[in-house]
Asker: 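Sharing a structure, written as structure tokens. Questions coming.
Numbers restart at 1 for each chain; the letters A, B, ... are given by sequence-line order, proteins then strands.
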Protein chains: 2
Amino acid sequence: MAIAETGTIDSELTDSQRERRKRIVDAAITLAVEGGYDGVQMRDVAERADVALGTLYRYFPSKVHLLVNVLHQLTGDMVDRLDRNPPKGQTAGARVLDLLDRSMRVLQREPQLADAMMRALMFADASAASEVDAVSAIMTGAITRSMHGPDREPTHEDHAIARVIENVWWAYILSWLSGRASARQVTDDLEAAVRLLVR
Amino acid sequence: MAIAETGTIDSELTDSQRERRKRIVDAAITLAVEGGYDGVQMRDVAERADVALGTLYRYFPSKVHLLVNVLHQLTGDMVDRLDRNPPKGQTAGARVLDLLDRSMRVLQREPQLADAMMRALMFADASAASEVDAVSAIMTGAITRSMHGPDREPTHEDHAIARVIENVWWAYILSWLSGRASARQVTDDLEAAVRLLVR
DNA sequence: CAGCGTGGTAGAACGTGTTCCAGTTCGGGA
DNA sequence: TCCCGAACTGGAACACGTTCTACCACGCTG
């Protein structure tokens with residue numbers, strides 16, 4: 001999957017620039033895994049990526065952009081894996097739940113990283129709208145595809161349902177990360193929501 | 001409606017302390033109306049409220065706590081008004097939509113204030129979980145009450161539906177505030193979501 | 001009445017996101 | 001090959017949330 005990068009088209013970058021950006025993203029992920037949103041400090045990212053602070057800001061105009069980009073990338077990777085190994089289940093609801101459960105497990109494996117990415121996503125303002133939309137589109141697409149077989153064309157209603165599920169998904173993930181719900185509660189609540197939405 | 005305050009019970013405060021807290025909240029609202037989340041600067045809040053910075057932090061342990069408290073208070077006020085003048089509509093779905101439309105109009109009247117409160121709500125971490133829960137409970141309650149008449153006891157399913165609607169509500173509000181959707185789109189999307197959820 | 005503790009004040013200090021600056025390096029065109 | 005502009009570098013500077021320090025004022029208690 002080709003990921004559109006912040007402001008610049010991938011093909012317009014030299015190899016060393018692609019290298020630099022990868023180092024930056026990797027550094028951000030490493031720090032996020034260890035310390036969550038607060039653990040990603042721009043000076044540390046720059047140092048780890050072996051890049052000057054100013055350069056870091058040339059590639060990503062803010063911490064939020066950087067972390068939303070990380071989310072974008074990892075969401076894309078995850079959905080790629082899911083497409084190669086599609087959600088299982090007899091009914092549309094079961095497949096959607098399988099998708100959400102697997103995604104939840106991915107996040108649970110690195111809760112601090114999830115914290116960093118989600119806080120950035122939620123805090124993003126208009127200047128990051130397009131990146132946020134991109135993440136949203138990936139997720140909505142995956143949900144839509146899981147609802148029916150890959151053959152049938154999704155209806156307008158399918159899309160509406162998928163978008164509701166997607167938003168509930170983010171909301172519940174956030175409530176888990178901010179300590180208002182356990183992981184168990186989240187999966188249970190998601191199951192209830194999907195049951196209501198996917199008849 | 002009595003609002004539980006951050007950490008301290010209302011009745012344990014002297015009059016002058018109640019006064020101070022009110023001045024702080026009012027100052028925060030004024031600044032938020034003008035400049036949104038970024039416009040609420042703690043030094044300015046303190047100055048406007050005629051209170052030392054340290055005192056501000058004694059009353060509200062962080063900017064997020066302060067703004068979530070504002071949201072708590074204003075949400076409570078709005079729901080009080082709604083309870084005195086309940087949502088109209090023949091069906092449960094119509095009443096819920098009336099509730100959400102009216103709430104949306106309140107937010108649209110002061111979009112910058114909405115921005116400040118919502119960013120705080122979304123950015124809140126575990127230390128503000130109880131305040132966030134309180135806001136959530138007010139909203140879920142209002143939605144539940146609007147679904148059936150005030151007489152019938154809400155079922156378990158009613159609550160599940162109300163919680164899904166509530167989360168979709170916040171998500172759509174956020175997408176409006178961060179410029180990813182127009183107010184019109186939000187009301188349309190909410191209508192679609194409610195139609196799906198309230199049969 | 002004296003003293004004491006709580007809560008208040010003014011303002012310095014600190015940490016981290018972001019911006020700016022002066023100098024250096026690098027890649028592509030004359 | 002030489003030169004120019006764009007990109008990069010190290011580091012200072014700035015803004016704002018948060019914390020800390022030193023001191024003051026008030027109401028309660030011995």
Side-chain angles (χ1 to χ4, degrees), chain A residues 5-24 27-28 31-32 34-70 115-116 119-120 122-125 127-128, chain B residues 5-10 12-24 27-28 31-32 34-70 115-116 119-120 123-125 127-128:
Chain A
E5 303 296 342
T6 313
T8 39
I9 310 299
D10 203 58
S11 59
E12 288 175 359
L13 299 178
T14 68
D15 283 353
S16 76
Q17 284 174 325
R18 236 187 305 276
E19 262 301 312
R20 260 193 209 98
R21 192 171 51 216
K22 178 163 172 18
R23 287 205 310 274
I24 291 173
L31 291 169
E34 291 168 7
Y37 186 86
D38 293 335
V40 179
Q41 305 198 352
M42 298 303 267
R43 287 173 180 80
D44 294 350
V45 172
E47 191 178 358
R48 263 215 198 231
D50 207 26
V51 136
L53 194 51
T55 305
L56 170 51
Y57 275 94
R58 172 183 295 271
Y59 281 78
F60 299 96
S62 79
K63 174 171 173 172
V64 163
H65 284 80
L66 170 58
L67 288 175
V68 172
N69 219 279
V70 168
D115 171 77
R119 300 278 278 283
M122 294 297 168
F123 200 58
D125 68 349
S127 76
Chain B
E5 303 296 342
T6 314
T8 39
I9 309 299
D10 203 58
E12 286 175 0
L13 299 177
T14 68
D15 284 353
S16 76
Q17 285 174 324
R18 238 186 304 277
E19 262 302 311
R20 259 191 211 98
R21 191 170 52 216
K22 177 162 173 19
R23 286 204 311 274
I24 292 172
L31 291 169
E34 291 169 6
Y37 186 86
D38 293 335
V40 180
Q41 303 197 357
M42 298 301 267
R43 286 173 180 81
D44 295 348
V45 172
E47 192 178 355
R48 265 217 195 228
D50 207 27
V51 136
L53 194 51
T55 306
L56 170 50
Y57 275 94
R58 173 184 296 272
Y59 281 78
F60 298 97
S62 78
K63 175 170 172 171
V64 163
H65 285 80
L66 170 57
L67 288 175
V68 171
N69 220 278
V70 169
D115 172 77
R119 301 278 278 284
F123 201 57
D125 67 350
S127 77

Asker: What is the distance from atom CZ of A/F60 to atom CZ of A/R21, rounded to the nearest 0.5 Å?
Answerer: 6.0 Å
Asker: Within this structure, what is the CG-to-C1' distance between A/L56 and D/dG10, rounded to whole angstrom?
Answerer: 14 Å
Asker: Considering non-hydrogen atoms only, spot the tightest contact between B/A27 and B/R48 and give its length.
Answerer: CB-CB, 3.7 Å
Asker: Please report, rounded to the nearest Å, how far the C1' atom of D/dA7 is from the CZ atom of A/R21.
Answerer: 15 Å
Asker: I need the CD-P distance between A/E19 and D/dA7, as an integer number of Å.
Answerer: 19 Å
Asker: So, does B/Y59 get its side chain near the phosphate of C/dG7, meaning an N or O under 4.0 Å from OP1 or OP2?
Answerer: no
Asker: Could you tell me how far apart B/D44 (CG) and D/dT18 (P) are, to the nearest whole angstrom?
Answerer: 14 Å
Asker: Tell me whether A/K63 forms a cation-pi arrangement with A/F123, defined as NZ or CZ under 6.0 Å from the six-membered ring centre and within 45 degrees of its axis.
Answerer: no
Asker: Indicate for each nucleotide in nucleotides 15-30 of chain C, in 5' to 3' sequence, whether protein heavy atoms under 4.0 Å reach the base (B), only the sugar-phosphate (S), or nothing (-).
Answerer: -BBBB-----------
Asker: So which atom in B/V51 and which in B/L56 form the shortest heavy-atom distance, rounded to 0.1 Å?
Answerer: CG1-N, 3.7 Å
Asker: Looking at C/dT9, I'd like to know if its phosphate oxygens (OP1 or OP2) sit under 4.0 Å from a side-chain N or O belonging to B/T55.
Answerer: yes
Asker: Over how many whole Å does the gap from A/R58 atom CZ to D/dA6 atom C1' extend?
Answerer: 7 Å
Asker: Grab the two heavy atoms, one from A/A28 and one from A/V70, that are nearest each other, plus how far apart they are.
Answerer: CB-CG2, 4.3 Å
Asker: State, to 0.1 Å, how close B/A116 and B/G36 come at their nearest heavy-atom pair, and which atoms those are.
Answerer: CB-C, 3.7 Å
Asker: Output the rounded distance in Å from CD (B/Q17) to P (C/dT9).
Answerer: 11 Å
